[in-house]
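What follows is a single structure, written as structure tokens, with notes after it.
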Amino acid sequence: EEAGAVPAAAKSSWGPFLKSIASFNGDLASLTAPPFILSSTSLTEYSGYWAEHPEIFVAPAQENDPQKRALLVLKWFLTTLKQQYSSRSEKLGSEKKPLNPFLGELFLGKWKDPTGEIGETQLISEQVSHHPPVTAYAILNEKHGVKLEGYNGQKASFSGGTISVKQVGHAKYHLREFDEDYLITLPSLHIEGIVYGSPYVELNRGSTIHSSTGYIAQIDYSGKGWITGKKNTFSATLKKEGSKDILYAINGQWSDGFTIKEGKSKKELETYNAKTTEITPLYVAPIEEQDPLESRRAWAKVQESITTGDLETTGTEKSKIENEQRELRKKEREEGREWERRYFTRVMDDPVFTRLAESPGIAAEEGKTDGIWVFDEKKFSQVAEKARAGGEARAEEAANTVA
Ligand code: HCR
């Protein structure tokens with residue numbers, strides 16, 4: 001078949017690459033892809049996709065009716081899909097292979113709010129496992145008491161020209177004011193267009209959102225939309241647990257827009273336009289102010305060389321990071337300790353998860369990841385405390401110098 005989207009200079013590398021994926025072991029990170037398909041963004045950055053519309057992220061916190069709140073959580077989830085699954089294809093022309101984060105890599109940032117109504121929303125993303133790759137994240141909005149936490153890894157397989165990716169992990173959305181939790185499962189996906197050299201993501205089957213107030217959202221995805229003929233089609237319903245009545249039905253294309261209707265009356269309540277709803281860019285500190293483990297600081301040279309197409313530097317700089325990591329792991333083994341995750345802890349039992357994951361199919365899958373990664377508030381406040389103390393010491397030092 002003709003690999004139409006492969007640049008002329010890379011044509012000779014595409015065939016061997018296709019052969020290599022045909023026999024790959026399921027770990028996407030181990031794939032060596034030709035340079036033109038490499039992205040300079042690390043997977044740790046992808047956690048930010050959950051809150052690029054901070055106003056929609058915090059909207060449920062301002063709704064007093066539990067049923068409407070559950071609808072707003074579902075709406076928020078649906079509005080994240082475009083960023084999660086099609087933003088790279090839109091920006092870069094195709095899906096690309098992200099940088100494989102090293103253990104302990106951090107991606108930190110915030111969505112600022114000049115209006116004061118939304119408040120600041122903070123992103124903490126950390127690579128908690130390297131083999132297999134697992135990224136954990138927390139997104140916090142203190143003003144509205146909204147917290148999202150979750151983690152994900154992938155299990156992949158190749159057959160018939162497509163890579164099928166099963167996402168392992170889940171997300172939990174918490175509302176402080178109502179002490180309410182939502183358990184969000186992640187859709188499986190497959191990567192189409194590989195043989196042509198222009199991969200893109202399609203979502204498979206379905207995913208769910210279970211709330212502690214007894215609402216269940218079911219979202220069904222259909223790739224090229226076998227009913228409507230349109231790409232990225234989905235159909236979602238919100239029901240009360242144990243009831244067949246559809247409270248709300250949402251239909252549309254997650255990359256374009258959707259319509260929310262009341263279940264019984266079929267009355268149209270809202271239409272959402274994914275194309276015109278603007279995203280709020282994440283603020284990330286300038287590289288010189290970042291921690292050495294922060295993604296853009298650690299990968300700076302690799303990222304620059306990918307952008308300029310300097311393959312040799314990409315190779316040497318990547319190897320530097322990999323060798324450093326190997327040394328660290330060796331030292332840890334010798335000293336009989338494990339790398340200390342800065343913000344997350346692995347637990348065997350998470351009560352919120354256990355309570356909400358009672359529906360068949362969820363808990364069994366999670367078992368395979370060997371525990372569940374949770375955001376560790378204690379670690380988080382210790383880091384914040386240290387930063388404050390450091391800041392104060394620096395200020396004092398500066399004051400002394402002036403004196
Ligand atoms: C599969 C994928 C890496 C994982 C990406 C995940 C699942 C990560 C978590 C985000 O919340 C959601 C998400 C979205 C991405 O669609 C998904 C990536 C798509 C492609 C990438 C592969 C590793 C790319 C391989 C490309 C090769 C074959 C050319």
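Just follow the structure's listing: the first ligand is 1, and inside any ligand the first atom is 1. Numbers here are sequence positions counted from 1.
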Among non-hydrogen protein atoms, atom 13 (C) of ligand 1 lies closest to Tyr85 CE2, 3.9 Å

Ligand 1 atoms nearer than 4.0 angstrom to some heavy atom of Val201 are 16 (O), 19 (C)

Closest to atom 7 (C) of ligand 1 among protein heavy atoms sits Gln167 OE1, 3.3 Å

Please confirm whether Tyr49 approaches ligand 1 to less than 4.0 Å, judged on its heavy atoms. no

for atom 1 (C) of ligand 1, nearest protein heavy atom and its distance come out as Leu28 CD1, 3.8 Å

Q | Distance-only donor-acceptor check, side chains Ser94 and Ser198, under 3.5 Å | A | no

So for Asn152 against ligand 1, with non-hydrogen atoms under 4.0 Å, the contacting part is side chain

Any N/O of Gln84 closer than 3.5 Å to an N/O of ligand 1? yes

- Under a 4.0 Å N-O cut-off, is there an ion pair linking Glu95 with Arg88? yes

- Item | Lys/Arg N to Asp/Glu carboxylate O, Glu117 vs Lys143, below 4.0 Å | no

re atom 21 (C) of ligand 1, the protein heavy-atom contact at minimum distance is Pro98 CD, 4.1 Å

Nearest non-hydrogen contact to atom 29 (C) of ligand 1 from the set Ile37, Leu43, Leu18, Thr162 belongs to Ile37

Atom 25 (C) of ligand 1 sits nearest the protein heavy atom Ile191 CD1, 4.2 Å

Honestly, for Ile163 the part within reach of ligand 1 (heavy atoms, under 4.0 Å) is side chain

Discussion item. If you define the side chain from C-beta out and look only at heavy atoms, does anything of Glu332 sit under 4.5 Å from Glu338?
Written reply: no

The atoms of ligand 1 lying under 4.0 Å from a heavy atom of Gln154, numbered in the order shown, are 4 (C), 8 (C)

Handout entry: Charged N-O contact under 4.0 Å between Glu90 and Lys82
Key = yes

Quiz prompt | Lys/Arg N to Asp/Glu carboxylate O, Asp291 vs Arg342, below 4.0 Å | solution = yes

task: Could you tell me if the ring centre of Tyr137 sits under 6.0 Å from that of Trp373?
output: no

re atom 20 (C) of ligand 1, the protein heavy-atom contact at minimum distance is Glu95 CG, 3.4 Å

**Report entry** Pair Lys147 + Glu377, salt bridge at N-O below 4.0 Å
**Finding:** yes

Report task. Examine Arg88 against ligand 1 and note whether any of their N/O atoms are separated by less than 3.5 Å. Result -> yes

Q) Hey, are Arg297 and Glu294 close enough for a salt bridge, meaning a charged N less than 4.0 Å from a carboxylate O? A) no

Nearest non-hydrogen protein atom to atom 27 (C) of ligand 1, with distance, is Phe17 CZ, 4.3 Å

- Task: Walk me through it: do Tyr272 and Phe258 pass the test ring-ring contact (aromatic ring centres under 6.0 Å, His included)?
- Result: CA-CA 5 Å; Tyr272 174 79; Phe258 52 78; 5.0 Å; yes

